Amino acid sequence: MNALDSNAQVAVIGAGAMGAGIAQVAAQAGHPVKLYDNRPGAAAQAIAGIDRQLGRLVEKGKLQTEAREAIVARLEPVEAIEALADARLVIEAIVENLQVKQDLLRQLENLCAADCILASNTSSLSITSLAAGLQRPQQVIGMHFFNPAPLMALVEIVSGLATAPSLADTLYETAKAWGKKPVHARSTPGFIVNRVARPFYAESLRLLQEGAADCATLDALLRDAGGFRMGAFELTDLIGHDVNYAVTCSVFEAFYGDFRFQPSLVQKELVDAGRLGRKSGQGFYRYSDDAERPAVAEMHSQTHAGACVIEGHLGVMQPLVQRLRDSGVTITERAGSGLIRVGDATLALSDGRLASQRAVEDGLRNLVLLDLALDYQSASRIAISWSADTAPDARDQAVALLQQAGLRVTAVADLPGLVVLRTVVMLANEAADAVLQGVASAADIDLAMCAGVNYPRGPLVWAEQIGIGHSLRVLDHLQRSYGESRYRPSLLLRRLHAEGAATVTESAKP
Ligand code: NAI
């Protein structure tokens with residue numbers, strides 16, 4: 001299937017933040033682009049804005065003056081919708097309202113050629129509903145860009161029930177030709193990213209609500225151990241709590257109140273208070289000039305840890321052994337079930353049980369649990385928690401050992417799955433359910449989360465590295481601890497584990 005010819009006329013409707021960005025992307029790819037907005041003068045204003053943006057790129061030496069002029073020359077503001085009649089592809093980015101968008105599509109259907117592609121940039125409306133009642137619902141499709149469209153690589157190509165498969169293929173190839181990373185998705189609530197990303201926010205909000213640690217500490221763990229660009233609190237402060245909370249509510253309602261997507265009272269309270277984040281000067285953090293960045297909780301030990309015993313294979317934590325060795329710790333290895341012994345302390349990767357519960361059930365004295373890290377060789381921080389009967393001296397020995405390996409050690413309360421592990425398995429769980437339900441392929445979901453929200457690793461590949469069995473165990477334990485369907489493991493993970501599969505990405509076909 002071929003991309004649209006780069007000479008094909010493109011029309012963008014809505015000259016707001018998204019429409020302007022999309023028009024720029026199409027014009028940069030060589031298309032003549034007509035931009036229409038029902039606010040008089042808005043399209044011309046938006047094109048002037050694009051010109052200024054491109055001017056900045058010229059100043060930085062990232063774009064030639066001639067290229068800037070050529071791009072702007074391809075952008076044409078139009079003041080009447082009738083001027084879009086010759087478009088081969090129309091992308092609407094108007095107000096997020098089903099009725100208004102349906103009216104617009106009906107108008108376009110009467111105006112444009114029968115084979116014109118009618119694409120919507122909607123982030124939350126069903127493509128199936130948008131197309132319903134039209135004469136040619138097969139020509140309607142989602143083309144979901146991320147903000148800012150010229151910079152963000154991901155485009156979700158969203159097919160409704162009636163969308164022609166060939167249309168999805170053409171648009172996929174077209175997005176690629178525009179320098180984007182497209183993925184195919186079925187029109188289901190939140191498509192890929194806005195669905196699979198929900199646990200990223202939800203788990204931090206819950207951890208905060210349950211007193212695991214403060215915002216700055218939880219954010220630091222997701223960044224420094226998890227490798228995410230931002231923690232959930234700084235990110236939602238940036239997005240705006242009104243926007244982020246509204247997306248969560250819309251996905252929750254669209255899934256008939258499935259507790260997986262339950263909104264957080266902590267975030268609702270911020271919205272109620274008008275603490276919307278950066279844009280209002282305060283969210284979880286304060287943004288006034290004199291606001292101090294809250295400190296991240298850290299433990300320090302004065303003890304020197306010269307030796308430890310590694311019992312068995314540490315699974316995803318195994319790279320820690322080399323890191324300890326490189327930092328001068330003498331290591332004795334012996335058979336066992338994946339434990340580190342230092343002094344009187346026993347260290348283990350969390351399996352989703354409370355430390356106090358696991359200490360009793362497994363008969364482990366002075367148990368200290370470790371959280372997940374993206375890369376145990378290079379992480380700069382790690383979270384730990386411990387069981388109620390862990391002696392202060394043993395805890396100190398555990399901290400000393402991790403410190404010796406160059407890790408900052410941050411304590412969190414004894415909650416199931418700590419911080420990064422719990423967040424990542426919940427992301428993978430949602431991704432697995434999306435695969436199971438045929439929303440998208442495993443590879444496309446991982447790509448979408450990396451290109452759309454900058455995750456350091458696709459959640460499904462990450463779950464493979466943790467081990468499908470271990471990921472499933474963590475989810476089972478979370479569900480048992482809370483007794484809530486929110487933590488129910490995806491049937492896909494359970495099935496793959498039962499089949500002995502090592503990968504989700506290759507084993508699971510959508
Ligand atoms: P915006 O409010 O910045 O721009 C919307 C523009 O559409 C305005 O200029 C308005 O005058 C125009 N408009 C409204 N009704 C119109 C009509 N009937 N005919 C012609 N023009 C009309 O909105 P934004 O943020 O650009 O969003 C547009 C669409 O993109 C929405 O569907 C939104 O859900 C979606 N989206 C937004 C993202 C974001 O981060 N802002 C990200 C991805 C998708």
Side-chain angles (χ1 to χ4, degrees), residues 11-26 33-50 53 77-84 87 90-112 118-127 129-131 140-158 160 175 180 182-183 185 187 189-195 197 235-236 238-251 254 276-279 448 451-454:
V12 178
I13 307 185
M18 293 308 293
I22 296 166
Q24 180 183 334
V25 170
V33 180
K34 290 180 180 171
L35 183 59
Y36 167 70
D37 195 291
N38 66 357
R39 243 181 330 120
Q45 249 175 35
I47 292 173
I50 296 169
Q53 296 271 354
V78 301
E79 287 294 316
I81 195 165
E82 288 71 24
L84 310 182
V90 182
I91 306 169
E92 73 75 18
I94 66 165
V95 58
E96 187 77 342
N97 176 300
L98 181 66
Q99 189 63 54
V100 179
K101 284 193 196 282
Q102 274 176 336
D103 290 348
L104 177 71
L105 290 171
R106 200 162 298 121
Q107 216 180 340
L108 289 168
E109 193 174 49
N110 291 324
L111 184 68
C112 301
L118 301 177
S120 172
N121 185 50
T122 180
S123 38
S124 65
L125 300 173
S126 148
I127 301 300
S129 306
L130 281 176
V140 177
I141 191 162
M143 192 175 195
H144 185 213
F145 288 82
F146 288 72
N147 193 11
L151 296 182
M152 296 299 292
L154 182 68
V155 181
E156 292 178 333
I157 307 292
V158 187
K180 296 297 180 191
V183 291
S187 179
F191 310 142
I192 300 175
V193 169
N194 278 339
R195 169 188 182 160
L235 181 56
T236 46
L238 181 68
I239 295 169
H241 290 287
D242 49 344
V243 173
N244 187 262
Y245 179 70
V247 175
T248 305
C249 289
S250 120
V251 174
L276 304 181
R278 280 177 185 266
K279 62 184 170 189
V453 267
N454 294 319

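All values reported here derive from a predicted model rather than from experimental measurement. One-based numbering, in listed order, for ligands and for the atoms of each.
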Would you mind reporting whether [Y] and [X] have side-chain heavy atoms less than 4.5 Å apart?
X	Y	result
K279	V243	yes
M152	K180	no
T122	H144	no

Report yes or no: does E96 contribute a side-chain atom to a donor-acceptor pair with the main-chain N or O of S123 at less than 3.5 Å?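 Such a contact is found between E96 side chain and S123 backbone.
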By number and element, which atoms of ligand 1 are closer than 4.0 Å to a non-hydrogen atom of H144?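 Heavy-atom distances to H144 below 4.0 Å select 43 (C), 44 (C).
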Within the 4.0 Å heavy-atom shell around K101, which atoms of ligand 1 are there?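 Numbered from 1, ligand 1 contributes 31 (C), 32 (O).
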Can you find a non-hydrogen atom of [X] under 4.0 Å from ligand 1?
X	value
L104	no
A93	yes
E92	no

Is there at least one pair of N or O atoms, one from [X] and one from ligand 1, spaced under 3.5 Å apart?
X	answer
A17	yes
M18	yes
S123	yes
T122	no
I94	yes

Is it the side chain (CB and beyond), the backbone, both or neither of [X] that lies under 4.0 Å from ligand 1, heavy atoms counted?
X	result
I81	neither
D103	neither
F145	backbone

Do you know the tightest heavy-atom contact between L154 and V183?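 Taking every non-hydrogen atom into account, CD1-CG2, 3.8 Å.
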Please give me the minimum heavy-atom distance between Q102 and L130, naming the atom from each residue.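 So the minimum-distance heavy-atom pair works out to CG-O, 3.7 Å.
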Considering all protein heavy atoms, does one lie under 4.0 Å from atom 23 (O) of ligand 1?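 It does not: no protein heavy atom is found less than 4.0 Å away from atom 23 (O) of ligand 1.
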